[in-house]
Amino acid sequence: QVQLVESGGGLVQAGGSLRLACAASGRTFRWNTMGWFRQAPGKEREFLAAITWSAGSTKYADSVKGRFTISRDNAKNTVYLQMNSLNSEDAAVYYCAASQSALLVVARYNYDYWGQGTQVAVSA
């Protein structure tokens, strides 16, 4: 059983920053790629960023490029999402996910395990 647990969400003022964390536990494994997604009310879950465990290669959605940074700590089995310059459009539930693919995949169906999500709210 693989478990992914997100943390770090909360309420932030517009223009502020948050850092989300995703801790992986359970079976001994080394998933090839980890991703961050978000889902706002009434919208589909969208890809934000992905990172490979081994090389640390990254990929970002255009909507967050330059504002969000994904990183990982292999020793802690933890992936992070640093979010800066937050605005109202960033308010959503944020999810991390794990994929066996060695590629920086962006589609939801490429991810095998998902966390329960952490809420991010942005105040004006």
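A 4.5 Å side-chain heavy-atom check between Ser123 and Leu11 finds at least one atom pair inside the cut-off. Thr118 has its side chain out of reach of Val93: every pair of non-hydrogen atoms, C-beta onward, lies at least 4.5 Å apart. Between Leu81 and Thr69, every side-chain heavy-atom pair lies at or beyond the 4.5 Å cut-off. Side-chain contact between Tyr94 and Met83 is present, with at least one heavy-atom pair separated by less than 4.5 Å. Counting only heavy atoms from C-beta outward, the side chains of Tyr80 and Asp73 approach each other to under 4.5 Å. For the pair Gln82/Ser17, a side-chain contact is recorded, criterion being any heavy-atom separation below 4.5 Å from C-beta on. Using a 4.5 Å heavy-atom cutoff, the side chains of Leu86 and Leu18 are in contact. Side-chain atoms of Val79 and Ile51, non-hydrogen and from C-beta on, do get closer than 4.5 Å to each other.
Contact record, Leu4 with Cys96: CB-SG, 3.8 Å, taken as the closest heavy-atom pair. Contact detail for Met34 and Ala98: the closest heavy-atom pair is SD-CB, 3.5 Å. Taking all atoms of both residues into account, the shortest heavy-atom contact from Ser63 to Arg38 is OG-NH2, 4.2 Å. Heavy-atom minimum distance, Ala124 versus Ala14: CA-CB, 4.5 Å. Heavy atoms only, all atoms of each residue included: Ala40 and Ala91 are closest at CB-O, 3.7 Å.
Distance check, rounded to the nearest 0.5 Å: CD of Gln116 to OG of Ser7 gives 9.0 Å. Between atom CZ of residue Arg19 and atom OG of residue Ser71 there is a gap of 6.5 Å, rounded to the nearest 0.5 Å. Interatomic distance, Thr58 OG1 to Lys65 NZ, rounded to the nearest 0.5 Å: 9.5 Å.
Both cation-pi conditions hold for Arg45 and Tyr95: the charged atom is under 6.0 angstrom from the six-membered ring centre and inside a 45 degree cone around its axis.
Residues Tyr60 and Leu104 do not share a hydrophobic cluster, defined by chaining ILVMFWY side chains whose heavy atoms lie under 4.5 Å apart. Using a 4.5 Å cut-off between side-chain heavy atoms of Ile, Leu, Val, Met, Phe, Trp and Tyr, with links allowed through other members, Trp36 and Val64 fall into the same hydrophobic cluster. One hydrophobic cluster, built from ILVMFWY side chains closer than 4.5 Å, holds both Ile70 and Val120.
Not one N or O on the side chain of Asn32 forms a donor-acceptor pair closer than 3.5 Å with the backbone of Ser99. Panel note: side chain Thr33, backbone Leu103; a donor-acceptor pair is recorded below 3.5 Å. A distance-only check finds a donor-acceptor pair linking the side chain of Glu6 to the backbone of Gly117 [under 3.5 Å]. Here the side chain of Ser101 pairs no donor or acceptor atom with the backbone of Val105 at under 3.5 angstrom. Using modelled atom types, one side-chain atom of Arg72 and one backbone atom of Ser54 make a donor-acceptor pair closer than 3.5 Å. Between the Ser57 side chain and the Ala55 main chain, no donor and acceptor come within less than 3.5 Å of each other. Side-chain atoms of Arg67 come within 3.5 Å of backbone atoms of Ser85 as a donor-acceptor pair (strictly under, hydrogens ignored).
Qualifying ring-ring contact (aromatic ring centres under 6.0 Å, His included) partners for Phe68, counting only residues two or more places apart in sequence or in other chains: none. With sequence neighbours left out, Tyr111 forms a ring-ring contact (aromatic ring centres under 6.0 Å, His included) with Phe37.
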